[in-house]
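Below: the structure, in structure tokens.
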Amino acid sequence: MKRLLCLLLCSILFVACGTTKETKKKDTAVVEKQKKKKEEAKKLEEQKKKEEEAKKLEEQKQIEEQKKLEEQKKLEEQKKLEEQKKAAEEAKRQEEVKRQQAPVAINNNVVAIDAGHQARGNSQLEPIGPGASTQKAKVAGGATGTATRIPEYQTTLNVSLKLRDVLQSRGYKVVMIRTTNDVNISNRERAEMANNAGAGAFIRLHCDGIGNSGVTGASVQEPANGNPYMSAGNVSASQSLGRTVLNHYCSTTGIRNRGMAARNDLSGINWCKTPVCLLEMGFISNGDEDRKLNNSDFQQKIAEGIANGIDAYFGR
Ligand SMILES: [Zn+2]
């Protein structure tokens with residue numbers, strides 16, 4: 001009986017044990033399944049997130065591209081507007097040049113004389129020629145004689161007055177741009193005065209000055225070929241007038257001939273519609289030449305030399 005009871009107990013225990021093991025196994029499977037499910041859900045969540053981010057990036061990219069396109073369009077429109085503005089300005093400039101270059105009636109019996117500079121320079125600006133965007137001082141102060149201490153504007157006036165007398169005695173009508181030092185006439189205005197006078201020749205008198213006191217000689221500043229402000233005909237006439245006056249001036253006075261200098265940056269030349277000659281009579285930074293240019297007898301010689309050149313230019 002005892003043995004039977006023991007056997008029964010053992011059987012019960014065995015069965016109980018088996019059942020517990022089974023239950024445990026089942027629980028583990030459920031946990032495993034839940035874990036898997038969770039992981040899948042997480043994966044899905046992450047994928048969704050990634051997709052959303054990609055979408056966002058794509059949208060941002062599109063917005064930026066749109067923005068870029070709009071900016072490009074804006075820039076192109078701006079460029080177009082600027083080009084149109086430039087073209088309009090250029091047309092206006094050309095119109096102005098054309099108007100300024102319209103020839104004036106020239107009288108070969110009229111000579112205009114400009115004594116270079118004036119007592120006080122004028123640093124206000126004016127365009128260097130018809131339609132020019134470059135500007136320069138209206139009129140500079142000029143040099144001063146190194147030996148005589150006489151200012152250039154006085155020397156040029158003294159010679160101009162003598163030249164006037166010589167030319168008048170030879171039958172020319174003379175128009176003086178100035179007869180005193182206390183004036184305020186810009187280089188452009190001087191050219192326009194010669195234009196309005198219809199001068200067959202416009203003589204501008206100057207003295208050179210340079211740091212090196214050893215330099216001497218006379219030269220003429222002429223408009224270069226292709227000067228954008230003057231008519232081709234007037235450029236060529238001015239070159240011819242300048243060369244002729246310089247050669248006669250040098251041969252009459254004995255001053256060294258330094259030749260012609262072509263320049264397109266001189267307002268007093270660029271505004272001219274009449275043949276113009278800017279004569280640098282010599283260097284007042286050189287003691288000897290300064291004394292010569294300020295000597296009354298020598299000035300008479302200078303006036304005659306220039307008048308000889310004008311006569312030769314007109315074929316008289
Ligand atoms: Zn000068």
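Small disclaimer: the values here were computed from a predicted structure and weren't measured. In what follows, every heavy atom counts, from backbone to side chain, and hydrogens, waters and symmetry copies are set aside. Just follow the structure's listing: the first ligand is 1, and inside any ligand the first atom is 1.
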### Query
Side chains of Gln154 and Asn294: donor-acceptor distance under 3.5 Å anywhere?
no

### Closest approach to the Zn ion (ligand 1) by His206, given as the N, O or S atom name
ND1

### Check: Gly282 main-chain N/O paired with Arg256 side-chain donor or acceptor under 3.5 Å
no

### Steps toward side chain to side chain contact (heavy atoms under 4.5 Å, CB included) verdict (Gln239, Arg243)
CA-CA 6 Å; Gln239 290 173 344; Arg243 209 176 311 117; 3.9 Å; yes

#### Entry: Residue Glu280, metal the Zn ion (ligand 1), N/O/S under 2.8 Å
no

### Message
Would you say the Zn ion (ligand 1) has Cys207 as a near neighbour, meaning an N/O/S atom of that residue under 2.8 Å away?
### Response
no

### Query
Hey, are the side chains of Leu241 and Val276 touching, using non-hydrogen atoms and a 4.5 Å cut-off?
no

### Task
Please calculate the OE2(Glu152)-the Zn ion (ligand 1)-NE2(His117) angle and round it to 10 degrees.
100°

